Protein chains: 2
Amino acid sequence: MPRGNCQGQGWWHGKFRGCGYRLTTGREAILDILSRSEGHLSAEDIYIKVHPRYPNVGLTTIYRTLDVLSNLGIVYKLDFGDGRARYELAEGPKGAHHHHHLVCTGCNRVIDYADFIDEEVELLQQTEKGLGKKYNFRINNHVIQFYGLCDKCNGKK
Amino acid sequence: MPRGNCQGQGWWHGKFRGCGYRLTTGREAILDILSRSEGHLSAEDIYIKVHPRYPNVGLTTIYRTLDVLSNLGIVYKLDFGDGRARYELAEGPKGAHHHHHLVCTGCNRVIDYADFIDEEVELLQQTEKGLGKKYNFRINNHVIQFYGLCDKCNGKK
DNA sequence: CTCCTTAATGAAAATGGTTTCCATTATTAA
DNA sequence: TTAATAATGGAAACCATTTTCATTAAGGAG
């Protein structure tokens, strides 16, 4: 079992309690799965992973919890254009690094990349600042994604 | 009636015919509406605009046509995260300029901006090139969008 | 520890944008 | 004009997500 868990298993408890949310079995189970899994899980993916150990956590609770987590900034809600939302821990005990996504429209594979992240982030921050001022917007999120065909899907046709 | 229509009303005919698509009343009506309207129309928006003049063009045809147009690169299919797709002419007779989008999550207003487009596009091209080579991807699309609250929605709460 | 308020829950039903089915119509090449 | 078949519309299906509502359980007060 890897070291590096910031504050033990309950690192999110504070954030939860601080906002008046109750700690429940379902919520802990969902966060547990999210922190054990590599990103990009759909609600159903999570349901399937949670269900064996906690058969009485319903899909509705998954959706509701993900909504809360997303609002708290604990998870990112992602949209890769395949009709279902995906979720990944914003920054878990594993200390995942900031990255963007490269989506294959052939097989829906998603590659996390961080190669040009610094330049991208710098430009994004500049742009956010400029746009925020010009249009009087309070920008609090951005999406940058590339779509294309991976080598496998590219060869196929 | 503004000048500037490149090749008259039928500028898309060639692209259509060249790909084996037939020219139908419905398709012409939809393209007509798209080129007369300012961007970001949903399928239903288009249906409502087309219906008075062509009451026998159904919503199904709207969806099917938009899919064709999107595949031909004549329209962009946009997703602003509100659960319905939006469409805008990629480059019509009006000669719309390339732009990105700034989305208010409060009122769903969308602002087209082109302020940092040059820098953004340059970085995107570099990144596409680098990522394409490193991951052996044929990248053919990207999304860059900012989300936030416009001045109105920001003040409200 | 027990009680009480009310947030949280699950199952089922509803929602709503989009797609599919299929019999009919219309386009276009010959 | 005709024949082949692409395109169509209306209804039904689809399916991820949300809502409803009666029940359960978290956690502060005592």
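We use all heavy atoms of the structure for the numbers below, so side chains are in, but hydrogens, waters and symmetry mates are not. By convention in this document, chain letters (A, B, ...) are assigned in the order of the sequence lines, proteins followed by strands, and residues within each chain are numbered from 1. In this text, all values refer to a predicted model and were calculated from it rather than measured experimentally.
In the model, B/Asp45 has a side-chain atom that pairs as donor or acceptor with a side-chain atom of B/Ser42 under 3.5 Å.
Whole-Å rounding puts the B/Glu28 CD to D/dT8 P distance at 11 Å. The distance between atom OH of A/Tyr54 and atom C1' of C/dT9, rounded to the nearest whole Å, is 16 Å. Atom CZ in A/Phe80 sits about 17 Å away from atom P in D/dA16, given to the nearest Å. Distance, B/Tyr47 OH to D/dT8 P: 14 Å, rounded to whole Å. One interatomic measurement links the two molecules: CG of A/Asn56 to P of C/dA8, which rounds to 18 Å at whole-angstrom precision. Atom CD1 in B/Ile62 sits roughly 16 Å away from atom P in D/dA7 (whole-Å rounding). For A/Asn108 and D/dA16, the CG to P distance is 13 Å, given to the nearest whole Å.
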Heavy atoms under 4.0 Å is the rule here; annotate nucleotides 17-22 of chain D 5' to 3' with B where the base is hit, S where only the sugar-phosphate is, and - elsewhere. SBBB--
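Side-chain rings of B/His99 and B/His101 approach one another, their centers coming within less than 6.0 Å. For B/Phe80 and B/His40, the gap between ring centers is short of 6.0 Å.
Rounded to the nearest 0.5 angstrom, B/Leu69 CG and B/Lys15 NZ are separated by 10.0 Å. The line from OH of B/Tyr135 to OH of A/Tyr113 is 9.0 Å long, rounded to the nearest 0.5 Å.
Here A/Phe16 pairs with A/Tyr21 under the ring pair (Phe, Tyr, Trp, His ring centres under 6.0 Å) rule; sequence neighbours left out.
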Are there any protein N/O atoms within less than 3.5 Å of an N/O atom in nucleotides 24-30 of chain C, and if so, which ones and at what distance?
{"unit_1": "C/dT27", "atom_1": "O2", "unit_2": "B/Arg22", "atom_2": "NH1", "d": "2.8"}
{"unit_1": "C/dT27", "atom_1": "O2", "unit_2": "B/Arg22", "atom_2": "NH2", "d": "3.2"}
{"unit_1": "C/dT28", "atom_1": "OP1", "unit_2": "B/Leu23", "atom_2": "N", "d": "2.9"}
{"unit_1": "C/dA29", "atom_1": "OP1", "unit_2": "B/Arg17", "atom_2": "NH2", "d": "2.7"}

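The neighbour count for B/Glu122 CD, taken as heavy atoms of other residues, nucleotides or ligands under 6.0 Å away, does not exceed 12.
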With salt bridge (Lys or Arg N to Asp or Glu O under 4.0 Å) as the test, would you mind laying out the steps for B/Arg36 and B/Asp32 before giving the verdict? CA-CA 6 Å; B/Arg36 285 179 196 287; B/Asp32 184 50; 3.1 Å; yes
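Ranked by how close their nearest DNA chain D nucleotide is to the 5' end, B/Pro55 and B/Arg27 are led by B/Arg27.
Each of A/His100, A/Glu120, A/Gln125 was checked for a side-chain contact (heavy atoms from CB on, under 4.5 Å) with A/His142, and the lone residue meeting it is A/His100.
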